[in-house]
Amino acid sequence: MFSIENMIMLDPIAEISSQIGKDTRVNKMNLCLGYFESELHKTTGFTVLNSPDISIQDEGNIDFSILGETTFRREIASLLSIQTSNQYYQSVVQTIGASGGIWLIFSLLKRFEQCRRVWFSCPTWDNHIEIAKNTNLDFSYYHYSLDENGELDFDLMLKDISQMENGDILLIQGCCHNPLGVDLHLEQWEIVAILARNKKVSVVVDFAYMGLAHGIEQDKNILFLLHKHLNYFFVVNSFSKSLGLYGERLGTLTCFAKEQEIVKGFETYAKRIVRSSYSMPPQNIAKKVAKVIGSDSLSTIWYEELTQLSNSLHLRKRALLEALRAVGLDKLVINQNSNGMFINLDLTTPEISELAKKYAIYILTNGRLSLACLQLLDIPRLVEALKMIKFCHE
Ligand SMILES: Cc1ncc(COP(=O)(O)O)c(C=O)c1O
C-alpha cells in the first residue's frame with residue numbers, strides 16, 4: 001500500500017523547495033518562488049491590511065456561508081464588474097487560493113457538465129496539470145512560444161486551439177503568464193473568445209496575477225471582451241500575489257453569464273462540491289480583504305502598493321538585464337518584454353544544476369527565475385555565477 005517506488009516526482013517547485021531546505025549554505029539564493037519579498041526587510045510589500053480600520057475583533061459571529069463570506073463575495077463582484085450596457089449575471093465563490101478555484105471549476109465541469117478535456121498553454125504553471133489529473137480530466141497543450149522578437153507566436157497558438165472540441169475546457173492565463181510573462185493583446189483575446197464560442201468550449205481565465213501587469217482596471221479589460229462574445233465564462237483570482245496573502249489561501253472563482261439560469265446552476269453545483277470537500281472557506285481574512293476593497297481610502301493604498309510591487313519587479317529586471325549586458329550575457333534572458341514575476345534563462349539542465357551545486361543559486365529546471373525573490377543586492381553574485389558558468393569552463 002502507498003508504495004512510492006514508481007512515484008513520479010512532485011511538481012518541480014515542490015521538489016526543488018525540498019532540495020533548497022536541505023542546503024545548509026548560508027548564502028543560498030532561492031529564486032524559485034513567485035512570492036514577493038521587498039529589498040532588505042523582506043516583507044511582502046503590502047501594509048494595507050495592517051490598518052487599524054480593518055480590525056474584525058467584534059465580529060466573531062459565524063455565518064454559514066458555503067460559497068464564501070458574504071461581504072467578500074459582494075466586494076469581489078464589484079471589483080470584477082464589467083462596464084457594459086448589456087445585461088449579465090455574476091456569481092463569486094470564495095476559494096482556497098487560485099489553486100482551489102481551478103480545482104473547483106474543473107471538478108464542477110467534469111462532474112456536472114461531463115467535460116472531458118482541458119487545454120493548457122505549453123509551457124504553463126506545472127500545478128495546472130496536476131489539478132487536471134486530480135479532477136480526472138484529460139489534457140492537451142497549445143503552443144505558447146515566443147518568436148525571435150520575444151512576442152507570442154499567436155498563429156501557432158491559434159492553430160492548436162482550433163482543434164478544440166465541443167465540451168472541452170480552455171484555460172488561459174489572464175496576465176503575467178507563468179512562466180513566460182508574455183500575454184495576449186486585446187485583439188487576440190477577442191479572436192480566442194470568438195473561436196471558443198464557435199467551438200462551444202468553456203473558457204476559464206486563470207487571473208492569479210491580476211493587477212500585476214498594468215493595474216487592476218486595465219488588466220480586467222479582457223473580461224469585457226469575453227463577455228461580449230461568450231454566453232458564459234469563468235475567472236479565477238488570488239490574493240496570494242496581489243495582496244501578499246500566500247499563507248492565507250484566499251482566492252475566488254467567478255461565473256459570468258448572460259443567462260441567470262446558468263449562474264443559479266453554477267452556485268447550486270459549486271455548493272455541493274464545496275460542502276462535500278472542505279465544507280466552507282475561512283471567513284476572517286475574507287472579511288478583512290472585503291474591507292480593503294470596499295473602502296475608497298484603503299483600496300487606494302492597495303492599488304498604490306500593487307503598482308509599487310509591479311514597479312519593483314520591472315526595476316529588478318532592468319537591473320539584471322543591465323548587469324548581464326555589461327558582461328555580454330543579456331541574450332540569456334529570452335523574455336525581456338515580460339510582465340510579472342518571472343524571466344526565463346536560456347541555460348541547459350547541467351548549467352542549472354551547476355548554478356545550484358557550485359554557487360547555491362536555485363532557479364527552476366526549466367530556466368524560470370523569479371524576480372519576486374531576487375534582491376537588487378544579489379544581482380552581482382548571480383551575474384558573476386552566470387559568467388563563470390558560461391565563459392569559464394575548463
Ligand atoms: C498561473 C498560476 N495560477 C495559479 C496559481 C496558484 O495561486 P494560489 O497561491 O492563489 O493558489 C499560481 C501560483 O503560483 C500561478 O502561477
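The analysis underlying the following values was restricted to heavy atoms, covering all of them including side chains, and did not include hydrogens, waters or symmetry mates. Numbers here are sequence positions counted from 1. Just follow the structure's listing: the first ligand is 1, and inside any ligand the first atom is 1.
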Are [X] and [Y] close enough that a side-chain donor and a side-chain acceptor fall under 3.5 Å?
| X | Y | answer |
| --- | --- | --- |
| N366 | N344 | no |
| Y359 | N27 | no |
| Q87 | Y89 | yes |

Under 4.0 Å to a heavy atom of [X] - the qualifying atoms of ligand 1, by number:
| X | value |
| --- | --- |
| Q173 | 1 (C) |
| S99 | 6 (C), 8 (P), 11 (O) |
| G97 | 10 (O), 11 (O) |
| N178 | 1 (C), 15 (C), 16 (O) |
| K241 | 13 (C), 14 (O) |
| S238 | 8 (P), 10 (O) |

Handout entry: Under-4.0 Å salt bridge between K357 and E354
Key = no
Problem - Ionic contact status for E322 with R316, cut-off 4.0 Å - result: no
Handout entry: Test of proximity, A208 against ligand 1: N or O pairs below 3.5 Å
Key = no
Handout entry: Any N/O pair R249/ligand 1 closer than 3.5 Å
Key = yes
Problem - Part of S240 within contact of ligand 1 (heavy atoms, under 4.0 Å) - result: side chain
Practice task
Look only at the side chain of K317 and the backbone of Q336, and say whether a donor-acceptor pair between them is shorter than 3.5 Å.
Solution key: yes
Practice task
Could you tell me whether the side chain of K199 and the main chain of S162 form a donor-acceptor pair under 3.5 Å?
Solution key: yes
Exercise for the section: Starting from atom 7 (O) of ligand 1, find the nearest protein heavy-atom neighbour and note its residue, name and distance. Expected result: A98 CB, 3.5 Å
Problem - ligand 1 contacted by F239 (non-hydrogen, < 4.0 Å) - result: no
Problem - Any side-chain heavy-atom pair of I105 and F234 under 4.5 Å - result: yes
Handout entry: Any L298 side-chain heavy atom under 4.5 Å of S51 side chain
Key = yes
Handout entry: Nearest-option assignment for atom 2 (C) of ligand 1, heavy atoms, candidates I96, T124, D206
Key = D206
Exercise for the section: From the options W125, F207, W103, select the one whose nearest heavy atom is closest to atom 12 (C) of ligand 1. Expected result: W125
